[in-house]
Amino acid sequence: MLPDHAVGRPVAENQLLKRGERLLEPDVYRARINGRLAVIKDYRRYRGTVLAPFARLLVRREARVLRQLAGWKHAPALLGVIGGLALGMEYVNGQTLSSLQAADAQVFDQLHKALERLHQQGITHNDLHGTNVMVAAGVPVLIDFTSAWRTPRWRHNNPLARQLRRSDLKNLLKLRKRVTGTEVPSELAASLAEPGWVRLIRQGWKQAYRRFKAHNA
Ligand SMILES: Nc1ncnc2c1ncn2[C@@H]1O[C@H](COP(=O)(O)OP(=O)(O)O)[C@@H](O)[C@H]1O
Ligand SMILES: [Mg+2]
């Protein structure tokens, strides 16, 4: 673990990549760790609050996924956990997929393969959209593993794991359609449709989350 003083807060506004405004959202900024350009996801504003244990959990979970993916070109390298409430990772020098004017199909083919590889390792991303994919020199890099889920090998085929993989793929096809205009073949879209029980869980989860937010606002 890196010591808490290893990384400061952003000093210049241009170092800030995203300010955490919603509940349990981190401040995300660029900084240097041991001279190397890094991105810090920082939940330290929750220190000493009732939400600190949840923030620590988010940091730990994301760090665990990045550690598992070490050495993979489609995820940033983990540089360390800072005092339990912040995470340092490699800075990906590129653009988010959503900010690209156009991306060729080749980027999406790579992304599709990367997603399959991720799934083979028992990990689902669960929040795949345009600002959670960076493209650097034509290579897509998945970021933001806050919502990712790891399933042990012996449970790979359980219905929930299968559904999470399906959702990731659905999000990928949605992104592809938005950025390249490619229609999703109808049989594929049908095979990725959500079963009723998933819709119910999703609605229940959303309601619980809204109530939790209203209560803690
Ligand atoms: N490793 C990274 N390299 C470059 N930019 C990054 C990196 N990680 C995050 N970012 C930028 O910061 C933004 C927010 O980070 P993200 O991990 O998605 O946080 P959040 O959980 O708040 O969505 C991303 O959309 C991206 O623009
Ligand atoms: Mg994000």
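Whatever order the structure lists ligands and atoms in, that order sets their numbers, starting from 1.
By the 30° and 60° cut-offs, the orientation of the rings of Tyr46 relative to Tyr43 is tilted.
The shortest side-chain heavy-atom distance between Leu169 and Leu115 falls under the 4.5 Å cut-off.
Residue His119 is tested with Thr124, Asp168, Thr151 for a side-chain hydrogen bond (donor to acceptor under 3.5 Å, both in side chains); the sole match is Asp168.
Applying the under-4.5 Å side-chain rule to Ile, Leu, Val, Met, Phe, Trp and Tyr, the cluster around Met134 extends to Val92, Val141, Ile143.
Scanning the protein heavy atoms around atom 22 (O) of ligand 1, the nearest turns out to be Lys18 NZ, 3.0 Å. Nearest non-hydrogen protein atom to atom 21 (O) of ligand 1 is Asp144 OD2, 3.0 Å. At the shortest separation from atom 26 (C) of ligand 1 among protein heavy atoms lies Ile143 CD1, 3.7 Å.
Taken to the nearest 0.5 Å, the NZ atom of Lys177 stands 13.0 Å off from the CZ atom of Phe108.
Among the atoms of Thr146, no N, O or S atom is found under 2.8 Å from the Mg ion (ligand 2).
A salt bridge does not link Asp27 with Arg44: every distance from a Lys NZ or Arg NE/NH1/NH2 to an Asp or Glu carboxylate oxygen is 4.0 Å or more. Using a 4.0 Å cut-off between charged nitrogen and carboxylate oxygen, Arg176 and Asp109 count as a salt-bridge pair.
Near Thr96, with a cut-off below 4.0 Å to any heavy atom, the atoms of ligand 1 are 27 (O). For ligand 1 and Glu90, the ligand atoms under 4.0 Å from any heavy atom of the residue are 1 (N), 2 (C). Close approach of ligand 1 to Thr131 is summarised as follows: ligand atoms under 4.0 Å from at least one heavy atom of the residue are 24 (C), 25 (O). Ligand-side atoms of ligand 1 in range of Thr146: 21 (O), range being under 4.0 angstrom from any heavy atom. Contact atoms of ligand 1 toward Met89: 1 (N) (distance under 4.0 Å to a heavy atom of the residue). The atoms of ligand 1 that sit less than 4.0 Å from any heavy atom of Tyr91 are 3 (N), 4 (C).
Looking at Arg47, its side chain never comes within 3.5 Å of a backbone N or O of Leu85 through a donor-acceptor pair. For Arg162 (side chain) and Asn157 (main-chain N/O), a donor-acceptor pair under 3.5 Å exists by modelled atom type.
For atom 8 (N) of ligand 1, the candidate residues are Val92, Leu17, Val39; the nearest heavy-atom contact is made by Val39.
Of all N/O/S atoms in Asp144, OD2 sits nearest the Mg ion (ligand 2).
Within the 4.0 Å heavy-atom criterion, the part of Lys41 lying near ligand 1 is the side chain and not the backbone. Contacts between Asn132 and ligand 1, counted as non-hydrogen atom pairs separated by less than 4.0 Å, involve the side chain only.
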